[in-house]
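Below, chain A is the first sequence line, B the second, and so on; all start at residue 1.
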Amino acid sequence: MYNFEVEQPTSVADAVAALGEEEAQALGGGQTLIPTLKQRLASPSKLVSLSGIAEMQGMSADAGVLSIGGGTAHATVAAGTAASYPALAALAGNIGDPAVRNRGTIGGSLANNDPAACYPAAALASGATIVTNAREIAADDYFDGLFTTALEEGEIVTQVRFPVPEVANYQKFVQPASRFALVGVFVAKYPDGVRVAVTGASEDGVFRWSEAEAALSANFNADALEGLSLSPDGMMADLHGTKAYRAHLISVLTKRAVAAAG
Amino acid sequence: MPKDSGIGASPKRREDQRFLTGNGNYTDDINLRGQAYVHFLRSDVAHGRITSIDTTAASAMPGVVRIFTGDDFEGVGGIPCGWQITDKHGEVMQEPAHPVLAQGKVRYVGDAIAAVVAETADQARDAAEAIELDIEELPAVINMKEAVKEGATKVHDDLTSNLCYDWGFVEENKPAVEEAFANAAHVTTLELVNNRLIANPMEPRVAVGDFNRSTGDSTLYTTSQNPHVIRLLMGAFVLGIPEHKLRVIAPDVGGGFGTKIFHYAEEAFCTFAAKALNRAVKWTSSRSEAFITDAHGRDHVSTIQLALDADNNFTALRTDTYANMGAYLSTFAPSVPTWLHGTLMAGNYKTPLIYVNVKAVFTNTVPVDAYRGAGRPEATYQLERVVDKAARELGVDPIALRRQNFITEFPYATPVAVEYDTGDYNATMDKLEEIADLKGFAARRAASEAKGKGRGLGVNCYIEACGIAPSNLVGQLGARAGLYESATVRVNATGGLVVMTGSHSHGQGHETSFPQVIADMIGIDESMVEIVHGDTANTPMGMGTYGSRSLAVGGSAMVRATEKIIAKAKKIAAHLMEAAEADIELKDGAFSVAGTDKSVAWGDVTLAAYVPHNYPLEDIEPGLEETAFYDPANFTYPSGAYACEVELDPETGKVSIERFAAADDFGNIVNPMIVDGQVHGGIGQGIGQALLEAAIYNEDGQLLSASYMDYAMPRADDLPFYQVDHSCQTPCTHNPLGVKGCGEAGAIGSPPAVVNAVVDALQSMGKDITHVDMPLSPARVWTAMNE
Ligand SMILES: Cc1cc2nc3c(=O)[nH]c(=O)nc-3n(C[C@H](O)[C@H](O)[C@H](O)COP(=O)(O)OP(=O)(O)OC[C@H]3O[C@@H](n4cnc5c(N)ncnc54)[C@H](O)[C@@H]3O)c2cc1C
């Protein structure tokens with residue numbers, strides 16, 4: 001680690017001001033950022049910790065929309081949404097290990113947009129709204145490839161609003177070493193149609209599988225997916241899986257998600 | 001009846017109290033007054049020529065004490081190799097220089113180029129980043145078969161090629177083996193890879209060098225399995241420090257698995273720098289550094305062939321292996337694919353003719369050396385996979401084929417130079433069939449199939465050679481060390497014992513099991529016996545812990561020393577009771593005169609030894625302290641039979657281990673609980689190798705699996721509950737305890753069981769797949785199924 005200063009604002013406004021400085025960077029739960037600093041792969045001169053900001057914590061449900069503060073830890077989400085949005089609770093409860101879940105935050109995960117992360121699939125499949133200190137961004141406009149989002153420099157994810165689906169399920173097939181998603185598929189059924197978001201697979205990061213969405217919107221049954229598949233082109237390949245394997249897993253997991261969602 | 005103390009009892013591990021409550025004293029816990037910290041600047045290219053190193057700016061950075069480069073080590077010895085192999089032409093192996101810091105060239109990602117010593121670890125790291133370094137990159141030598149081709153880039157310019165040695169064993173057998181193959185009714189051939197592994201002990205390596213300018217004494221604290229070996233290798237070959245001026249201390253060590261046997265450059269550096277700077281110098285490996293500097297394990301590419309006659313008797317076996325040495329020869333690297341591997345190729349079978357060829361190859365990768373099992377897992381894997389394949393090809397039951405070919409008479413001289421003293425392979429197989437409930441397999445398979453899953457059963461045997469071994473023999477085989485073990489037993493005046501052993505405990509529980517043996521011999525409570533190990537200043541010269549040798553060799557030394565103690569104590573007792581020495585009996589901690597009711601307590605005798613008022617001073621010296629060195633007559637040969645049952649998800653290729661049973665013959669057992677634990681851990685590592693772990697280099701020599709993000713360690717939920725049994729006991733015939741060693745068995749016996757099971761599952765699912773290389777990750781299995 002290189003030396004840095006830490007600031008601990010208690011309001012979003014103060015955090016935004018602090019982040020206005022040269023080389024300042026937001027610190028959520030630190031589960032991605034701290035290891036990066038330890039490896040000396042980043043050298044911010046100041047970390048602005050978001051964990052003391054009360055307005056970024058907690059969850060509330062209103063008119064079919066679940067709002068989660070951007071600073072809310074995965075474990076808190078897992079515990080607090082078990083009744084209101086079980087698929088999301090299960091996803092959050094399956095991220096990393098207890099230490100990661102107790103520190104890591106939904107805002108940090110969505111800001112980081114790791115191509116193998118779980119939350120991006122939930123946000124995209126739910127048609128969530130990413131609320132920042134400056135604006136509201138639809139999930140469809142938010143994710144922008146690997147580790148890239150629509151966020152501007154210094155912009156903070158303060159809240160995420162999830163329209164709660166009728167039924168939903170997330171199927172995560174873990175990469176054996178990291179246990180991030182080798183491929184993860186989130187299926188969410190709404191009155192106006194089904195959304196299917198895939199993480200871990202594409203070279204362009206999380207994406208929606210529109211053919212599957214169309215088929216499932218017409219008939220929400222795993223059989224409706226029969227014959228549908230994605231091309232291995234554009235999928236990621238690494239030690240843990242070829243492009244073809246990832247493309248194949250998407251079909252398998254989507255079917256399983258539909259079957260599990262019931 | 002389970003015993004509650006002594007040999008055969010399972011007292012809880014006394015060392016766990018301190019390990020689990022934060023009271024352990026590991027090397028990193030040692031901080032010396034005025035110590036400085038070293039950070040190594042390591043190569044990030046696999047192969048290159050160092051064209052310039054400029055440390056001017058870095059030396060001026062805050063806190064920097066001094067920066068060392070290869071030039072500072074001119075005239076200093078290199079890191080030695082402890083075993084010399086003679087190849088099939090009678091030539092000695094090619095042995096490259098192994099400098100403490102790179103000289104001229106870097107040869108793997110992680111090779112140390114410069115060492116920055118500074119007031120703090122961060123300052124050392126900062127300054128290392130400021131070193132200006134120019135490296136002219138050279139093509140990386142990664143693939144072993146390419147590496148030995150004519151005209152291949154050389155890892156070491158001054159060697160004739162990348163071939164370290166071409167070993168043939170037993171060379172004289174070769175024509176007969178060829179003939180047997182020509183006459184065989186059936187030949188089964190299998191090509192396989194024994195995947196490269198990284199040991200990943202929980203505690204990364206640490207070294208603290210210290211120097212006392214008044215006495216001229218050097219001290220090294222290090223994470224080692226064998227401090228005396230380090231003292232000898234580093235003192236004699238690298239730094240030129242005689243043993244009496246060099247003390248090596250390996251305090252609590254958090255796991256070794258082989259990777260902490262070897263003498264590493266960082267140890268020599270810290271010792272050297274402490275003297276050069278007249279202050280203590282400390283190095284603590286980060287986990288990332290461990291991945292690219294701890295010696296790796298395995299990495300063999302083999303072709304094995306089994307010849308059978310028309311009655312399915314094994315008639316001959318031959319195997320060709322390429323064994324990766326990495327960029328330099330680590331301490332015992334050359335012995336692993338040869339003497340620890342070739343000599344085991346007979347396995348449990350009476351195959352009369354065997355020929356083993358091993359080509360050891362230099363590549364631009366981290367040095368490869370012994371890792372739990374060392375050579376024996378590689379032999380077992382080849383043999384037990386090819387036997388399984390043969391059974392399938394011949395359409396015979398794999399267990400029956402094994403039984404038919406078992407060695408049943410002992411002692412048995414194999415065609416690969418070793419003599420098994422004892423064993424009963426049918427007994428462990430019978431036991432396995434029982435504990436694994438093989439009869440119930442068909443029903444379990446049907447249940448899996450009803451869920452849309454495949455299910456496979458894999459069975460195999462193993463034999464290993466442990467308790468390594470007679471010094472004169474290993475000397476003939478090229479070892480540059482003896483392989484005895486030592487113990488000093490010091491009895492204190494009030495009767496307690498301190499046993500100073502050359503064995504080292506780093507997870508094996510010696511502090512618990514060794515006292516069980518000694519206390520049993522005297523008939524006193526185990527709590528009266530304390531084990532001291534890990535410090536060359538207060539233990540006799542010992543060879544350390546590896547190769548499942550601690551109880552068989554180190555324990556035997558303790559028994560011998562305790563026998564001497566008892567003999568002397570009997571003399572004292574005889575004197576005290578005015579009886580003949582021959583009439584004295586020791587039982588339950590008291591000496592008595594046979595046929596009388598006279599007796600003296602153990603404590604009375606020990607007190608007399610140190611307060612010799614009424615004492616046979618004319619015959620014996622006061623005091624009660626004895627040392628013994630024990631050099632075994634042979635290896636020990638633990639053996640067993642393992643069974644694994646897997647479920648396979650055809651949609652994803654994911655394998656899950658549903659059942660795992662191990663029936664081992666370890667000879668006599670001192671602490672069954674500790675033995676269970678050793679087997680459990682070994683199986684965990686074997687399953688890790690079979691399903692999860694792989695150190696993978698790309699063609700540029702970058703380690704792709706260089707962190708836990710990509711190197712998959714086994715976790716609790718990857719492993720099943722085990723059925724472990726060690727009730728089959730054929731005691732070792734040549735050591736006083738009749739023990740054989742249990743530390744590596746699990747890691748040796750389990751990989752073939754897993755792979756045999758997966759192949760069985762695939763076959764049952766109609767896939768004509770006879771082999772998949774480890775690790776059997778979901779992606780590999782699925783790809784094999786869909787190719
Ligand atoms: C061992 C381990 C296992 C893991 N497994 C999984 C897994 O299975 N699935 C998964 O999805 N993730 C996994 N993660 C990642 C984990 O979920 C992280 O917590 C998450 O990716 C980052 O969240 P954080 O709050 O820790 O962010 P930090 O690490 O603090 O920050 C990450 C990045 O986001 C920025 N940032 C943080 N908060 C905000 C905010 N509110 N607004 C704007 N920018 C912000 C930071 O500046 C930084 O660039 C794992 C992590 C670890 C260490």
**Item:** chain B interface, residue from A/L239, A/V252, A/D238, A/N3 that has the most non-hydrogen pairs under 4.5 Å
**Value:**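 Most heavy-atom pairs under 4.5 Å with chain B: A/L239.
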
**Request:** Using non-hydrogen atoms and a 4.5 Å limit, figure out which bit of A/R246 sits close to chain B: side chain, backbone, both or neither.
**Result:**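 Neither part; nothing is under 4.5 Å.
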
[X] versus chain A, the contacting section by heavy-atom distance below 4.5 Å:
| X | result |
| --- | --- |
| B/I696 | side chain |
| B/P778 | both |
| B/S707 | neither |
| B/M713 | neither |

**Message:** Go through it in stages, so that I can follow the logic: the residues are A/R256 and B/D649, the test is salt bridge (Lys or Arg N to Asp or Glu O under 4.0 Å), and I'd like the CA-CA distance, side-chain angles, deciding distance and then a yes or no.
**Reply:** CA-CA 13 Å; A/R256 289 184 181 181; B/D649 177 355; 2.8 Å; yes

Electrostatic pair [X]:[Y] at N-O distance under 4.0 angstrom:
| X | Y | answer |
| --- | --- | --- |
| B/R715 | A/D97 | no |
| A/R40 | B/E129 | yes |
| B/D710 | A/R179 | no |

Taking atom [atom1] of [X] and atom [atom2] of [Y], what is their separation to the nearest 0.5 Å?
| X | Y | atom1 | atom2 | answer |
| --- | --- | --- | --- | --- |
| B/K654 | A/F173 | NZ | CZ | 6.0 Å |
| A/Y245 | B/T652 | OH | OG1 | 5.0 Å |
| B/R780 | A/H240 | CZ | NE2 | 11.0 Å |

**Message:** For chain A, which candidate among B/L691, B/L704, B/L692 shows the most heavy-atom pairs at distances under 4.5 Å?
**Reply:**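 That would be B/L704.
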
**Prompt:** If you count the non-hydrogen atoms of other residues, nucleotides and ligands that lie under 6.0 Å from CD in A/Q8, is the total more than 12?
**Reply:**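 No, not enclosed.
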
**Message:** For the CZ atom on A/R208, are there more than 12 heavy atoms of other groups (residues, nucleotides or ligands in this structure) within a distance under 6.0 Å?
**Reply:**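 Yes - once you tally the heavy atoms of other residues, nucleotides and ligands closer than 6.0 Å, there are more than 12.
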
**Request:** Would you check if A/Y2 and B/D126 make a side-chain contact, meaning some heavy-atom pair closer than 4.5 Å?
**Result:**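 Yes, close enough: below the 4.5 Å cut-off.
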
